[in-house]
K.L.:
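Could you have a look at this structure, given as structure tokens, before my questions?
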Number of protein chains: 2
Amino acid sequence: MNPQVLVVEDEDALATLLQYNLEKEGYTVAVARDGEEALIQAEESTPDLVLVDWMLPKVSGIEVCRRLRGRQETANVPIIMLTARGEETDRVRGLDTGADDYVVKPFSMTELFARIRAVLRRIRPGLAEDVIEAGDITMDRVAHRVRRADREIHLGPTEFRLLDYLMQHPGRVFSREQLLDAVWGSDVYVEARTVDVHVGRLRKALNNKEERDPIRTVRSAGYAFDVNA
Amino acid sequence: MNPQVLVVEDEDALATLLQYNLEKEGYTVAVARDGEEALIQAEESTPDLVLVDWMLPKVSGIEVCRRLRGRQETANVPIIMLTARGEETDRVRGLDTGADDYVVKPFSMTELFARIRAVLRRIRPGLAEDVIEAGDITMDRVAHRVRRADREIHLGPTEFRLLDYLMQHPGRVFSREQLLDAVWGSDVYVEARTVDVHVGRLRKALNNKEERDPIRTVRSAGYAFDVNA
DNA sequence: CAACCAGGCTACAGTTTTGTGACAACGACC
DNA sequence: GGTCGTTGTCACAAAACTGTAGCCTGGTTG
């Protein structure tokens, strides 16, 4: 599905503004108010990008960076630092804080978006990809089309986003909660079992008889999309 | 709709001049101030032609060329290089920079326009030809005529522009907002649902019974024009 | 083996999104 | 002023999609 962004910002107004604009731009957004919360959220929502304010309560922005880098699962997640003019130290300039880029406040949304796209493209080219292929399944995100072995697959919006997200991270197992966060959005509340139903629908749409089911169920853990093998 | 041109030029005066004149000529223009921005913009605005200054901050014109060529989506976008006299090296002459043509500064707008038309006609006949065909539908942008299977289709101005825009980017899904921006203009405010109505009118005008509807509705996303297949 | 889970599956009622006819406003033209 | 073609909105109907509950199966556990 859309890239997942974790915003770590304690100032309410800015946090809300960022969330609103990022969502409008097509990102899925989670917000953490302080560093501690950020580290927890990062674990749950497996963001594709983290936006961290330099100054934060409890755990500073740099510290958040360091810890994210230290963890296996988040070591490679790109990080953009938000700094106020004046906080812009040599360390930030040199980016040896572990961040991939930084933006000086005040910044325009356009500038931020440009940085985000640049970083995402640099760090994970796969995310910006318009067409994803896996085995005989092709997903065209621009044309909004999915085909398997030359036949057109019709999917509802949710099934589309679900498949998109799974294909974006092939092989990886996601819990129902993670999928809800990523595909439905972190703000809506729906039953975890709903994921089952949608996975079921997705399977029905995707699989002809005789075809291998690309979605693997991992008992008491979740689901994963497996590339042909 | 009109051909989309990406101007990559760091000198403000020239950039503005180019934008102004190109728009007057009927092109839709995006401006990037340096090579980095250019690469980002190229991805977003999917230009039909790129005008690149040879000397640029951050990423040189040649480098921009090379990278655009390297990317799947922009590999075939025609590029015209702008060079100052003296920069005109043998490499430029040979055009093995990946550019399709080059213009030596200072140049007249008339000359530039001639080159642009020439390149567009050479590289993408569809854009410069003033006639677009898709399946049994023909659109003549100069004569302002649309025909399907030898029968004349009468369209109102708005429906014409809408069809024009959609046919210009076949297969691609546009949200109602994007269509409003592109077809109505980004400055007017109209309801998003108005797009639906016009799509409906367009469909009614275009489709005989028994004929396949070339406009695809993508639920909760928008509309796309699909080439017969 | 019985009690239990976790997940597959179906049915369905509620909701959201889209298609469309009606209509009033508008400007061009006569 | 009157006619005509076009346009943006609205309201309503139709269609598509969604979330949940409930039932079922098959494996797990004690």
Side-chain angles (χ1 to χ4, degrees), chain A residues 1 144-146 152-166 173-207 209 211-226, chain B residues 144-146 152-166 173-207 209 212-226:
Chain A
M1 131 115 260
H144 256 262
R145 277 164 172 275
V146 177
E152 176 90 29
I153 306 279
H154 176 83
L155 297 178
T158 307
E159 277 105 51
F160 188 88
R161 290 198 307 272
L162 178 58
L163 178 62
D164 189 357
Y165 187 72
L166 289 174
V173 180
F174 294 99
S175 71
R176 287 157 232 282
E177 286 71 23
Q178 287 176 313
L179 289 174
L180 285 176
D181 259 20
V183 178
W184 275 255
S186 52
D187 41 0
V188 296
Y189 177 72
V190 281
E191 289 295 323
R193 288 298 312 278
T194 300
V195 175
D196 295 16
V197 178
H198 279 276
V199 167
R201 287 172 182 158
L202 186 50
R203 279 174 168 151
K204 185 149 65 176
L206 224 42
N207 307 329
K209 59 200 166 203
E211 280 176 334
R212 198 183 65 87
D213 180 8
I215 301 176
R216 173 168 48 110
T217 303
V218 182
R219 191 159 232 263
S220 74
Y223 298 98
F225 180 92
D226 283 339
Chain B
H144 244 257
R145 280 161 166 268
V146 177
E152 178 85 27
I153 306 279
H154 174 79
L155 297 179
T158 307
E159 279 93 55
F160 186 88
R161 287 199 308 276
L162 178 57
L163 179 60
D164 188 0
Y165 188 71
L166 289 175
V173 177
F174 295 99
S175 70
R176 291 168 176 68
E177 286 72 21
Q178 287 177 308
L179 290 174
L180 285 176
D181 263 17
V183 177
W184 276 256
S186 51
D187 40 0
V188 297
Y189 176 72
V190 282
E191 288 295 322
R193 287 301 310 279
T194 299
V195 175
D196 294 18
V197 178
H198 280 276
V199 166
R201 287 170 182 160
L202 186 50
R203 278 174 168 152
K204 187 147 64 175
L206 225 42
N207 306 330
K209 59 197 166 204
R212 199 183 65 87
D213 180 8
I215 300 176
R216 171 169 51 112
T217 303
V218 181
R219 190 160 237 258
S220 78
Y223 297 98
F225 180 91
D226 282 339

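Within every chain, numbering begins at 1; the chains are lettered A, B, ... in the order of the sequence lines, protein sequences first and strands thereafter. A quick note: this is a predicted structure, and the numbers were derived from the prediction, not measured.
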K.L.:
Between protein and nucleic acid, restricted to nucleotides 24-30 of chain C and to nitrogen or oxygen atoms under 3.5 Å apart, what atom pairs and distances do you find?
P.N.:
none

K.L.:
Looking at A/Y223, I'd like to know whether one of its side-chain N or O atoms comes within less than 4.0 Å of OP1 or OP2 on C/dA6.
P.N.:
no
K.L.:
Could you work out which one of C/dG19, D/dC10, D/dT7 sits closest to the side chain of B/E191?
P.N.:
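Output: D/dC10.
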K.L.:
Taking the side chain of B/T194 as its heavy atoms from C-beta onward, which of D/dA16, D/dG8, C/dG21 lies nearest to it?
P.N.:
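My answer, after comparing the listed nucleotides, is D/dG8.
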K.L.:
Output the rounded distance in Å from OH (B/Y189) to P (D/dT9).
P.N.:
7 Å
K.L.:
Are any of A/R203's side-chain N or O atoms less than 4.0 Å away from OP1 or OP2 of C/dG8?
P.N.:
yes
K.L.:
Measure CG/A/L180 against C1'/D/dT20 and give the value in whole Å, please.
P.N.:
13 Å
K.L.:
Hey, which of B/K204, B/H198, B/R201 is the one that makes side chain to side chain donor-acceptor pair (under 3.5 Å) with B/E159?
P.N.:
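Going through B/K204, B/H198, B/R201 one by one, the side chain to side chain donor-acceptor pair (under 3.5 Å) with B/E159 is satisfied by B/H198 alone.
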K.L.:
Among C/dC9, D/dG8, C/dG19, find the nucleotide with the atom closest to the side chain of B/W184.
P.N.:
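So the nucleotide nearest the side chain must be D/dG8.
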K.L.:
Between B/L179 (CG) and D/dT7 (C1'), how many Å, whole number?
P.N.:
17 Å
K.L.:
If you check the B/H154 side chain, which of D/dT6, C/dG8, D/dT7 turns out closest?
P.N.:
D/dT6
K.L.:
Kindly say whether, by distance alone, the side chain of B/R201 makes a donor-acceptor pair under 3.5 Å with the base of D/dG8?
P.N.:
yes
K.L.:
Ignoring backbone atoms, test whether A/T158 places a side-chain nitrogen or oxygen under 4.0 Å from the OP1 or OP2 oxygen of D/dC17.
P.N.:
no
K.L.:
Answer with yes or no whether B/R193 presents, from its side chain, a donor or acceptor under 3.5 Å of a partner atom in the base of C/dG19.
P.N.:
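Counting by modelled atom types and ignoring angles, a donor-acceptor contact under 3.5 Å is found here.
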K.L.:
Within this structure, what is the NE2-to-P distance between B/H144 and D/dG5, rounded to whole angstrom?
P.N.:
18 Å
K.L.:
So, OP1 or OP2 of C/dA6: does either fall under 4.0 Å of a side-chain N or O from A/S220?
P.N.:
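It does not, given that no N or O in the side chain of A/S220 lies less than 4.0 Å from OP1 or OP2 of C/dA6.
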K.L.:
Does C/dT10 have OP1 or OP2 sitting under 4.0 Å from an N or O in the side chain of A/K204?
P.N.:
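Affirmative; the distance criterion is met.
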K.L.:
Nearest to the side chain of A/R176 - C/dT18, C/dA6, C/dA11?
P.N.:
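Among the listed nucleotides, the one closest to the side chain of A/R176 is C/dA6.
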K.L.:
Give A/F160 one of three labels, base, sugar-phosphate or nothing, depending on what nucleic acid heavy atoms sit under 4.0 Å from its own.
P.N.:
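It contacts nothing in the nucleic acid.
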K.L.:
Please pick, from C/dG8, D/dT18, D/dA21, the nucleotide with the shortest atom-to-atom distance to any side-chain atom of A/P157.
P.N.:
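Of the options given, the side chain of A/P157 lies nearest D/dT18.
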K.L.:
Contact between B/R216 and B/V173 at the side-chain level, heavy atoms closer than 4.5 Å - yes or no?
P.N.:
yes
